[in-house]
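Everything below concerns the one structure shown next.
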Amino acid sequence: MNIAINTTCIGSYADFDLAQTLHSGQCFRFEERGGAFRVCAGARCYLLSQRGSSLFLHGEAAAQDIDFLTRYFDLARDYGAIKRALSAGDPVMAEACRCAGGVRVLRQDLFEALVTFILSQNNNIPRIKKIVEALCEHFGPRLEGPCGPYHAFPTPGALAGVTAQELEPLRAGFRARYVADAVEKLARGEVSLELVREAPYEQAKAELMKIRGVGEKVANCVLLFGANRLDAFPVDVWIARAIDRLYGGEIDAGRFSPHGGIAQQYLFFYAREQGLK
DNA sequence: CTCCAGGCGTTCC
DNA sequence: GGAACGCATGGA
């Protein structure tokens, strides 16, 4: 077994906490190893750690890896300014920003976000991670990473024509046919990811909801974490209850425009830290 | 054993 | 348009 010894400092970033971001429920292909995190995204796999505000990459590092990670963790955006705007005149959001201030909104691959959030419905995170891992093992190529082999997330092509029955080894239950439907509608051109990326918010959301098993919650998460649509404000029972507890009633998503999605992530993290539900 | 998990589709009214 | 209820699976 070879141990990665090269370490590169990617940069130093305010308003960024690697562990917080990974644990904020946006992605499922990561694991803690010592004080570091093995993070897989698409066909890539990295070993990352953080000391203070500095982010470190362990293992071989090419310029494109730095670029990828800067984009993946949305490190070029000024979250400090966003937090100040969200916090102004809103004590609850201000508290959420303080608690979850290191959370970034990930810029994941759109197809990967779609499939993983289909798998997330009425499910818990440890089990989602297992199902996603099984999906990669069965349908993604085996590659060598900075700390041993891993499997890439399958491309739409790798899953083309897959049936719910063929997905049975994932133990995804009723979600298997939803994944199969998503793959089929993409292959047939009935759903366009290009449209999901480019179209106005309501149209993009409607495009995703053509897929069986994609409702408002999943669609919003896909738009937020897979298309960087920061105005997407996921509607979900859990956070709705938490927001109700925090705010004493429902809140208007437009109130946090145009960064409602970021506001939602802060609130989600904060509410969970507080044990609210 | 029951209950729950970052929901959604179906079936009622 | 909204409120029940079932759904696969596995862990607590």
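Sequence lines set the chain letters: A, B, ... in the order given, protein chains first and strands last, and positions in each chain run from 1.
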message: Taking B:dG6 as the reference, what is the distance to C:dA12 when you measure between their P atoms (whole Å, please)?
response: 13 Å
- prompt: Rounded to whole angstroms, how far apart are NZ on A:K129 and C1' on C:dG10?
  reply: 16 Å
field: Given B:dT10, B:dG6, B:dA5, the nucleotide with the shortest approach to the side chain of A:N122
entry: B:dA5
- line: Checking B:dT10, B:dG6, B:dC8 against the side chain of A:F225 (C-beta onward), the nearest is B:dG6
- prompt: Below 4.0 angstrom, N of the basic side chain to O of the carboxylate: do A:D90 and A:R255 qualify?
  reply: yes
Gap between atoms NZ and P, on A:K210 and B:dC8 respectively (whole Å): 18 Å
- prompt: What does A:R175 touch in the nucleic acid at a heavy-atom separation under 4.0 angstrom: a base, only the sugar-phosphate, or nothing?
  reply: base
task: With P as the reference atom in both, quote the distance from C:dA8 to B:dT11 in angstrom, rounded to an integer.
output: 14 Å
- request: May I ask you to check if A:R29 and A:F153 form a cation-pi contact, with NZ or CZ under 6.0 angstrom from the six-membered ring centre and within 45° of the axis?
  value: no
query: NA contact type, A:S24, heavy-atom cut-off 4.0 Å: base, sugar-phosphate, or nothing?
result: base
query: Could you state the interatomic distance from OG1 (A:T116) to CZ (A:F225), rounded to the nearest 0.5 Å?
result: 9.5 Å
- prompt: Looking across every strand, which nucleic acid part, if any, lies under 4.0 Å from A:G213 by heavy atom: base, sugar-phosphate, or nothing?
  reply: sugar-phosphate
message: From the set B:dG7, B:dG6, C:dT9, return the single nucleotide nearest to any side-chain atom of A:E168.
response: C:dT9
query: Rounded to whole angstrom units, what separation is found between the CZ atom of A:R171 and the P atom of C:dC7?
result: 16 Å
field: Heavy atoms of other groups near A:R71 CZ, more than 12 under 6.0 Å
entry: no
message: Between the base of C:dT9 and the side chain of A:R127, is one N or O donor paired with an acceptor at under 3.5 angstrom?
response: yes
Gap between atoms CZ and C1', on A:R177 and C:dC7 respectively (whole Å): 9 Å
message: Taking atom types as they are modelled, would you say the side chain of A:Q26 forms a donor-acceptor pair with the base of B:dG6 within the 3.5 Å cutoff?
response: no
task: Mind calculating the distance between CG (A:L170) and P (C:dG10) to the nearest angstrom?
output: 12 Å
- prompt: How many Å lie between OH on A:Y178 and C1' on B:dT10, as a whole number?
  reply: 10 Å
query: What about A:Q121: does its side chain form a donor-acceptor pair under 3.5 Å with the base of B:dG9?
result: no
message: Using the side-chain heavy atoms of A:C221, tell me which of these nucleotides is nearest: B:dG6, B:dG9, B:dG7.
response: B:dG6
task: Would you kindly give the CG-to-C1' distance between A:N124 and B:dC4, to the nearest whole Å?
output: 8 Å
field: Centroid-centroid under 6.0 Å between A:F117 and A:F28 rings
entry: yes
query: If you round to the nearest 0.5 Å, how far is CG of A:L223 from CG of A:D231?
result: 8.0 Å
field: OP1 or OP2 of C:dG11 under 4.0 Å from side-chain N/O of A:K130
entry: yes
query: What is the distance from CD1 of A:I118 to P of B:dG7, rounded to the nearest Å?
result: 14 Å
query: How do A:I125 and A:V214 order along DNA chain B: which one's closest nucleotide is nearer the 5' end?
result: A:I125
